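Heads up, the thing below is written out as structure tokens.
Residue numbers start from 1 in every chain, and the chains themselves are labelled A, B, ... in the order their sequence lines are given, proteins ahead of strands. Just so you know, these numbers use all the heavy atoms, side chains as well, and skip hydrogens, waters and symmetry mates. Keep in mind the model is a prediction, meaning the values are calculated, not measured.
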Number of protein chains: 2
Amino acid sequence: MPDIKHFDPQAALDTAVRLFWRQGAASTGIQDVVTATGLNRSSLYATFGGKQDLYLAALRRYVRTHSEPAFERLTQDGRGLPAVADFFAGLIEVRCSGEYARWGCMITNAHAARTENDDPEVLRLLDGHHQHLLGALHAALLSAQSRGQLPRDAELQCAAELLALLAYGVNLRSRSGADPEALYRTVTATLASLGAIAAAS
Amino acid sequence: MPDIKHFDPQAALDTAVRLFWRQGAASTGIQDVVTATGLNRSSLYATFGGKQDLYLAALRRYVRTHSEPAFERLTQDGRGLPAVADFFAGLIEVRCSGEYARWGCMITNAHAARTENDDPEVLRLLDGHHQHLLGALHAALLSAQSRGQLPRDAELQCAAELLALLAYGVNLRSRSGADPEALYRTVTATLASLGAIAAAS
DNA sequence: GCAATCTTGGAACGGTCGTTCCGAGATCCG
DNA sequence: CGGATCTCGGAACGACCGTTCCAAGATTGC
């Protein structure tokens with residue numbers, strides 16, 4: 001009986017992700033989304049609800065399509081430190097060149113845009129993302145340990161936290177035009193001495 | 001002949017700093033500034049110009065009153081690694097407790113809020129801030145080296161960059177409620193092994 | 001083809017945005 | 001005290017905000 005949707009909701013959501021990612025939620029109007037997706041206000045509201053719902057859906061989609069695949073790769077990759085090195089190399093490349101150059105990371109940006117009295121669901125999502133990142137790094141460091149790339153008594157938790165914060169720093173500074181080679185040097189130097197970091201904890 | 005200002009522009013600017021710092025520029029309306037400062041729209045525009053000028057002035061004032069004193073202390077403090085440790089301890093304390101708890105760093109937030117087509121002066125300010133931070137860290141590491149806390153052949157540049165990115169990460173995560181003790185542990189572990197990092201570069 | 005049901009187009013809502021303008025008030029110089 | 005000059009209070013501007021509403025269009029089951 002009913003009519004059917006005349007557009008692909010996921011494609012529209014991807015467009016919204018790009019807008020929110022590049023400009024932030026506060027600087028992106030519904031009109032921007034309407035213009036970019038080409039579909040109508042009514043369809044937007046009927047499909048995604050209000051702006052906050054749309055932003056939350058965009059955040060979730062970003063995590064699923066951009067963050068988690070990289071985390072999954074890092075978790076599965078059993079090579080240890082080389083896996084971590086590849087993770088950061090890919091991160092820097094995505095942040096500084098290609099379609100998303102200088103956009104930073106949508107989740108990192110959301111950290112800075114977050115306010116005390118906005119949707120607590122956003123905060124939960126940010127924490128979930130952080131835990132996933134920590135978990136993936138920890139898994140990689142565990143592989144490194146079992147392969148003798150790190151001391152047996154290394155405390156991996158602090159090392160994982162350091163790398164996570166370092167990733168946030170890379171995301172943040174890349175948005176303001178940081179030199180990718182300087183970022184790469186810093187990351188490489190850090191990884192080269194990770195054993196000492198982990199042992200010192 | 002002329003009338004005189006009936007308010008203290010710097011006090012008003014401090015109020016604006018707090019608003020932009022906590023809520024971000026995009027989410028802060030001129031009306032918010034008017035209400036918080038108690039002065040009139042006309043006085044605001046006559047004194048600071050439009051919103052973008054006000055935001056820029058607020059950024060500059062934040063750097064002068066919040067960032068640079070800490071950078072200066074770090075630069076002057078000749079103790080080496082303990083100076084760096086104190087710098088981070090103070091950073092974590094400010095970010096997680098007291099009046100500005102969970103506000104993050106205004107400059108860090110500005111990194112994430114920045115857009116390609118906004119005032120290039122903002123970008124220059126962010127880069128200047130980054131260079132100041134790098135310089136202060138480098139000076140402290142130089143002291144550490146001269147005191148034998150770091151190897152003589154240590155490459156300090158990468159270590160300073162790592163610490164700067166780590167500081168950004170602390171600022172960012174603190175805004176979303178990161179555990180201060182976990183942050184402290186991570187920073188302490190990193191500093192404890194800084195010698196290895198610097199030598200590996 | 002008819003009726004039911006959802007989607008779509010587009011106007012319209014009240015509110016807030018950043019900004020401007022002008023009359024009224026306050027202040028200092030001569 | 002007089003007059004010049006700036007500040008201050010507050011209304012007003014057009015534009016845009018997120019959101020709602022309704023009629024028109026499209027589709028499916030009978």
Side-chain angles (χ1 to χ4, degrees), chain A residues 1-60 110 113-115 117-122, chain B residues 1-60 110 113-115 117-122:
Chain A
M1 322 101 154
D3 194 356
I4 233 176
K5 268 189 186 6
H6 297 179
F7 64 96
D8 178 8
Q10 285 205 347
L13 193 50
D14 278 330
T15 303
V17 164
R18 277 196 285 269
L19 285 176
F20 285 136
W21 183 1
R22 193 177 33 174
Q23 321 180 24
S27 302
T28 303
I30 292 290
Q31 180 59 44
D32 295 336
V33 183
V34 168
T35 303
T37 57
L39 46 87
N40 195 270
R41 256 181 205 73
S42 309
S43 309
L44 254 180
Y45 276 86
T47 307
F48 301 105
K51 181 182 180 178
Q52 185 64 29
D53 307 289
L54 178 58
Y55 176 60
L56 201 59
L59 275 180
R60 284 198 233 269
R114 208 191 68 80
T115 312
N117 50 357
D118 62 11
D119 201 337
E121 198 71 27
V122 171
Chain B
M1 318 109 150
D3 195 356
I4 232 178
K5 266 189 187 12
H6 297 181
F7 63 96
D8 178 7
Q10 285 204 347
L13 193 51
D14 278 328
T15 303
V17 164
R18 277 196 285 270
L19 286 175
F20 286 135
W21 184 359
R22 193 177 32 175
Q23 320 180 22
S27 302
T28 303
I30 291 291
Q31 180 60 41
D32 296 336
V33 183
V34 168
T35 303
T37 58
L39 46 87
N40 196 270
R41 257 181 204 75
S42 309
S43 309
L44 255 180
Y45 276 86
T47 307
F48 301 105
K51 181 182 180 178
Q52 184 64 28
D53 307 288
L54 179 59
Y55 176 61
L56 200 59
L59 274 180
R60 283 198 235 269
R114 209 191 68 80
T115 313
N117 50 358
D118 64 10
D119 200 337
E121 197 73 26
V122 171

Quick one: which of D:dT7, D:dA26, C:dG10 gets closest to the side chain of A:Asn40?
-> C:dG10
Atom-pair distance (CD on B:Gln23; C1' on C:dT16), nearest Å = 15 Å
Rounded to whole angstrom units, what separation is found between the CG atom of A:Leu54 and the P atom of D:dC17?
-> 14 Å
Counting side-chain heavy atoms from C-beta on, which of C:dC28, C:dC6, C:dG18 comes nearest to B:Ile4?
-> C:dC28
Value for CG (A:Asp32) from CZ (A:Phe20), rounded to nearest 0.5 Å, stands at 9.0 Å
Quick one: pull up CG in B:Leu44 and CD in B:Gln31 and give me the separation to the nearest 0.5 Å.
-> 10.0 Å
Can you tell me how far C1' of D:dT19 sits from CG of A:Asp53, to the nearest Å?
-> 12 Å
A:Ser43 vs C:dT7: side-chain N/O to OP1/OP2 distance below 4.0 Å | no
pair A:His6-A:Leu39: side-chain heavy atoms closer than 4.5 Å = no
Inter-residue atom distance A:Asp118.CG - A:Tyr55.OH, 0.5 Å rounding = 8.0 Å
Could you check B:Tyr45 against A:Leu39 and say which one's nearest nucleotide on DNA chain C is further toward the 5' end?
-> A:Leu39
d(CZ, A:Phe48; P, D:dT19) in whole Å = 14 Å
Sequence neighbours excluded, which residues qualify as side-chain hydrogen bond (donor to acceptor under 3.5 Å, both in side chains) partners of A:Asp119?
-> none
Spatial distance of atom OG1 (B:Thr47) from atom CG (B:Leu13) [nearest 0.5 Å] = 10.5 Å
note: A:Leu44, atom CG; D:dC21, atom P; distance rounded to Å ~ 17 Å
Evaluate side-chain contact (heavy atoms from CB on, under 4.5 Å) for B:Arg60 paired with B:Glu121, printing each intermediate quantity in order.
-> CA-CA 11 Å; B:Arg60 283 198 235 269; B:Glu121 197 73 26; 3.8 Å; yes
The helix from C:dG1-D:dC30 to C:dG30-D:dC1: angle between its terminal axes, five pairs each, to 10°?
-> 10°
Name the one of B:Val33, B:Thr28, B:Leu19 that satisfies side-chain contact (heavy atoms from CB on, under 4.5 Å) with B:Leu54?
-> B:Val33
Whole-Å distance, B:Lys51 NZ to D:dC16 C1', equals 13 Å
Can you tell me the distance, in whole Å, between the NZ atom of B:Lys5 and the P atom of C:dA26?
-> 18 Å
With a 4.0 Å cut-off on heavy atoms, is B:Thr28 in touch with a base, just the backbone sugar-phosphate, or nothing at all?
-> sugar-phosphate
Nearest-Å distance, CD (B:Gln31) to C1' (D:dA12)?
-> 14 Å
Ignoring the backbone of A:Asp3, work out which of D:dG9, C:dT7, D:dT7 is nearest its side chain.
-> C:dT7
Does B:Ser42 or A:Ser27 map to a spot on DNA chain D nearer the 5' end, using the closest nucleotide for each?
-> B:Ser42
Between C:dT27, D:dG18, C:dG18, spot the one nearest the side chain of B:Ile30, thanks.
-> C:dG18
Selected nucleotide, minimal atom distance to B:Arg41 side chain, candidates D:dG25, C:dT19, C:dC17 | C:dT19
Ranking D:dC8, C:dG18, C:dT8 by distance to the side chain of B:Phe7, first place goes to D:dC8
